[in-house]
Amino acid sequence: MVKPRRALLSVTDKTGLPEFAKGLVALGIELISTGGTAKVLREAGLSVKDISEHTGFPEMLDGRVKTLHPKIHGGLLFIRGNATHEAAVKQHGISPIDLVVVNLYPFEATVARPDVKLHDAIENIDIGGPSMLRSAAKNHDSVTVVVDPFDYDEVAKQITETGNTTLELRRKLAAKVYARTAAYD
């Protein structure tokens with residue numbers, strides 16, 4: 001399996017993220033990120049490509065639409081080594097995204113507040129995050145997906161030691177994603 005070339009990071013819980021991302025950069029992995037996550041990474045001295053630069057399309061609708069794009073989901077879902085998929089992504093200028101680090105808006109914490117307004121609850125329903133997580137988990141044969149900062153160390157260790165993560169770890173992380181998105185829904 002090919003060493004990860006590109007990672008997409010978009011997290012609400014930024015615990016341990018700068019350290020993890022520094023390790024990725026040291027391994028030659030390009031970082032793509034969204035708004036607040038990109039800001040934290042830049043403040044840590046890292047070079048980050050904005051999601052809008054990657055897609056060629058601006059974030060819009062107050063951030064509601066930023067990652068729901070073929071250059072994101074095509075980069076996650078295409079089957080590496082499948083000639084038809086490889087031709088399609090090449091034709092459309094879609095680059096592979098090999099590592100996804102996403103955790104979700106704090107919907108549960110928001111609606112647990114006794115004074116929460118309906119508008120605030122609705123704005124904390126994550127759409128792009130679960131979509132990216134599910135796309136990456138579906139293609140876990142080729143894509144490593146991380147939904148929990150607790151898993152950063154193992155992912156970093158495996159990539160550092162072997163050049164990539166094992167299929168066993170990718171399967172475990174994909175299962176964790178499906179459990180998380182099911183609970184979130």
Side-chain angles (χ1 to χ4, degrees), residues 2-78 89 92-107 123-140 142-156 158-160 164-165 170 173-174 176-177 180-181 184:
V2 177
K3 176 186 147 207
R5 296 161 279 195
R6 192 168 293 102
L8 192 159
L9 302 96
S10 181
V11 297
T12 299
D13 178 357
K14 295 172 181 57
T15 304
L17 184 70
E19 297 78 16
F20 179 62
K22 284 178 185 178
L24 298 177
V25 169
L27 294 167
I29 299 172
E30 175 187 19
L31 305 181
I32 304 168
S33 192
T34 57
T37 304
K39 181 177 185 256
V40 166
L41 295 172
R42 285 189 181 105
E43 287 170 354
L46 297 169
S47 176
V48 181
K49 181 188 264 187
D50 287 315
I51 201 84
S52 58
E53 181 183 352
H54 180 75
T55 63
F57 204 85
E59 291 186 23
M60 59 187 290
L61 305 177
D62 299 320
R64 285 181 165 202
V65 177
K66 55 189 161 211
T67 60
L68 299 170
H69 193 281
K71 286 196 174 182
I72 300 301
H73 291 277
L76 294 171
L77 286 165
F78 85 90
V89 295
H92 296 286
I94 296 173
S95 302
I97 299 171
D98 309 300
L99 174 62
V100 173
V101 181
V102 171
N103 51 57
L104 306 174
Y105 295 166
F107 180 75
E123 289 309 309
N124 275 278
I125 298 171
D126 200 325
I127 303 301
S131 298
M132 288 186 293
L133 288 169
R134 292 177 61 81
S135 289
K138 178 176 181 168
N139 202 20
H140 69 270
S142 300
V143 179
T144 303
V145 58
V146 183
V147 70
D148 183 350
F150 178 78
D151 295 313
Y152 293 167
D153 288 344
E154 182 62 23
V155 169
Q158 285 194 13
I159 295 172
T160 300
N164 208 329
T165 55
R170 291 191 305 276
L173 295 172
K176 199 169 192 176
V177 163
R180 177 64 184 119
T181 57
Y184 192 81

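Considering all non-hydrogen atoms of both residues, Ser33 and Leu9 come closest at OG-O, 2.6 Å. Minimum heavy-atom separation, Leu41 to Ala21: CD2-CB, 3.5 Å.
Contact annotation: the side chain of Ser142 never approaches that of Asp98 to less than 4.5 Å [non-hydrogen atoms, C-beta and beyond]. Within the 4.5 Å cutoff, no side-chain heavy atoms of Tyr152 are placed close to those of Thr15. Between Thr37 and Lys14, some side-chain heavy-atom pair lies under the 4.5 Å cut-off. In this structure, His54 and Arg6 have side chains that are in contact, with non-hydrogen atoms separated by less than 4.5 Å. Between Pro130 and Leu104 the shortest side-chain heavy-atom distance falls below 4.5 Å. Side-chain contact between Ile32 and Ile51 is present, with at least one heavy-atom pair separated by less than 4.5 Å. Here the side chains of Pro149 and Leu17 are not in contact, with every heavy-atom distance at 4.5 Å or above. Counting heavy atoms from C-beta outward, Pro96 and Val89 have side chains that stay 4.5 Å or more apart.
Arg170 contributes a side-chain N or O that, together with a main-chain N or O of Thr165, makes up a donor-acceptor pair within less than 3.5 Å.
With a 6.0 Å radius and a threshold of 12 heavy atoms from other residues, nucleotides or ligands, Asp13 has its CG atom above the threshold. No more than 12 heavy atoms of other residues, nucleotides or ligands lie within 6.0 Å of CZ in Phe57, so this atom counts as exposed by the packing criterion.
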> Does the pair Leu46 and Lys22 meet the rule for a side-chain contact (heavy atoms from CB on, under 4.5 Å), with working shown?
Replying inline: CA-CA 7 Å; Leu46 297 169; Lys22 284 178 185 178; 3.7 Å; yes

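Here the OG1-CG distance, from Thr181 to Asp126, works out to 11.0 Å after rounding to the nearest 0.5 Å. Distance CZ/Arg42 to CG/Leu31: 10.0 Å, rounded to 0.5 Å. Taking NZ of Lys71 as the start and CD1 of Ile94 as the end, the distance is 7.5 Å to the nearest 0.5 Å. Between Ile97 atom CD1 and Thr144 atom OG1 the span is 13.0 Å, to the nearest 0.5 Å. Between Ile159 atom CD1 and Leu99 atom CG the span is 5.5 Å, to the nearest 0.5 Å. Atom OG1 of Thr34 sits about 13.0 Å away from atom NZ of Lys39, to the nearest 0.5 Å.
With hydrogens and angles left out, the side-chain atoms of Ser52 and Asp50 include no donor and acceptor closer than 3.5 Å.
A salt bridge is defined here as a Lys NZ or Arg NE, NH1 or NH2 lying under 4.0 Å from an Asp or Glu carboxylate O, and Lys176 with Asp151 meets this definition.
For the side chain to side chain contact (heavy atoms under 4.5 Å, CB included) criterion with Val101, the lone passing option out of Val155, Val147, Val146 is Val146.
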Only distances under 3.5 Å count here; give the side-chain donor-acceptor pairs of residues 132-139 to other protein atoms, sequence neighbours excluded, each with its distance to 0.1 Å.
| from | atom 1 | to | atom 2 | distance (Å) |
| --- | --- | --- | --- | --- |
| Ser135 | OG | His73 | ND1 | 2.8 |
| Ser135 | OG | Ser131 | O | 3.1 |
| Asn139 | ND2 | Leu76 | O | 2.8 |
| Asn139 | ND2 | Leu77 | O | 3.4 |
| Asn139 | ND2 | Phe78 | O | 2.9 |

